[in-house]
Amino acid sequence: MKEELEICVRAKESFDEVYKKMLDLGFHVQEDFILKDIYMIPNDISISLENENLIFSNYILIRETVGKRKVLALKQKKINEKGEIINQKSIKCPIIDIDKTYEFIKAFGYKKIFEITDHNILMSNGKNEIYIQDVKGVGTYIEMEQNNLLLKNNNGNNIEEMKNTLNSYNLNIDDNDYFVRKAADVLKSIL
């Protein structure tokens with residue numbers, strides 16, 4: 001499993017406002033895509049806010065990057081008592097058919113908790129890559145991964161360096177939480 005560091009914050013502005021601000025800062029679009037995710041957990045875990053950390057510490061994701069690729073991903077996250085993600089790992093496998101994969105995972109004793117659709121734009125200024133995400137029904141998020149997708153450098157060697165890098169752009173963000181879990185926000189919105 002590959003270990004990954006990332007931070008994610010809520011934007012205090014609309015998706016379009018964040019996009020325009022990043023263009024003004026010298027960023028350009030590297031990728032523009034729609035993600036459709038199906039979140040699945042074992043049947044014996046009850047879907048409730050009390051189980052939020054349990055639900056999002058070990059789950060299966062069936063992901064379609066519309067028009068590009070489909071993957072099955074096992075996500076594992078260590079979440080501390082403050083709700084911060086202190087470690088996360090994932091393993092991904094390409095798939096061909098979303099519906100057949102969904103039925104296959106159900107047969108292993110998993111259930112769908114919800115689906116998320118979001119518009120993502122990967123922005124770059126040649127030094128850093130930042131995702132802006134418009135998550136249907138919940139809002140705009142800004143995400144930074146430690147390892148850049150297309151650039152050779154990284155966005156910081158640890159979480160603090162990544163926070164400092166993101167903060168250097170003075171985006172209008174909620175800096176009270178750098179470990180926002182979009183899926184947890186969706187869960188709260190449906191319960």
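Just the heavy atoms: all of them, side chains too, but no hydrogens, waters or symmetry mates, feed the values below. If you're wondering where the values come from, they're calculated on a predicted model, not measured in any experiment.
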Side chains of Glu145 and Leu5 in contact at under 4.5 Å (non-hydrogen atoms): no
Partner residues of Phe15 under the ring pair (Phe, Tyr, Trp, His ring centres under 6.0 Å) criterion, sequence neighbours left out: His119
Set of residues satisfying side chain to side chain donor-acceptor pair (under 3.5 Å) with respect to Thr65, sequence neighbours excluded: none
Can you give each donor-acceptor pair under 3.5 Å made by side-chain atoms of residues 184-191, sequence neighbours left out, with the distance rounded to 0.1 Å?
unit_1: Asp185; atom_1: OD1; unit_2: Arg10; atom_2: NH2; d: 2.9
unit_1: Asp185; atom_1: OD2; unit_2: Arg10; atom_2: NE; d: 3.1
unit_1: Asp185; atom_1: OD2; unit_2: Arg10; atom_2: NH2; d: 3.1
unit_1: Asp185; atom_1: OD2; unit_2: Tyr141; atom_2: OH; d: 2.6
unit_1: Ser189; atom_1: OG; unit_2: Val186; atom_2: O; d: 2.7

Hydrophobic cluster identity match, Leu35 and Ile62, side-chain contacts under 4.5 Å: no
Gap separating the CD1 atom of Ile45 from the OG atom of Ser57, nearest 0.5 angstrom: 7.0 Å
Pairs satisfying side chain to side chain donor-acceptor pair (under 3.5 Å), at least one member in residues 125-137, at least two apart: Gln30-Glu129, Asn120-Gln133, Asn125-Tyr169, Asn128-Asn155, Asn128-Tyr169, Gln133-Lys182
Where at least one partner belongs to residues 150-166, residue pairs that pass salt bridge (Lys or Arg N to Asp or Glu O under 4.0 Å), sequence neighbours excluded: Glu160-Lys163
Pairing residues for Asn154 by the side chain to side chain donor-acceptor pair (under 3.5 Å) criterion, not counting sequence neighbours: Asn157
Non-neighbouring partners of Tyr19 that pass side chain to side chain donor-acceptor pair (under 3.5 Å), sequence neighbours left out: none
Pairs involving residues 34-44, ordered by first then second residue, that meet salt bridge (Lys or Arg N to Asp or Glu O under 4.0 Å) (sequence neighbours left out): Asp37-Arg63
All side-chain contact (heavy atoms from CB on, under 4.5 Å) counterparts of Ser46, not counting sequence neighbours: Ser48, Asn51
Side-chain donor/acceptor of Lys75 to backbone N/O of Tyr59, under 3.5 Å: no
Flag side-chain contact, heavy atom, 4.5 Å: Ser124 against Leu151: yes
Where at least one partner belongs to residues 22-32, residue pairs that pass salt bridge (Lys or Arg N to Asp or Glu O under 4.0 Å), sequence neighbours excluded: Lys20-Asp24, Glu31-Lys68
Tyr39 and Phe114 aromatic ring geometry - parallel, tilted or perpendicular at 30°/60° bounds: tilted
Other cluster members, Val66 - Ile/Leu/Val/Met/Phe/Trp/Tyr, side-chain contacts below 4.5 Å: Ile34
All pairs passing salt bridge (Lys or Arg N to Asp or Glu O under 4.0 Å) where residues 96-114 contributes a residue, at least two apart: Glu103-Lys106, Lys112-Glu115
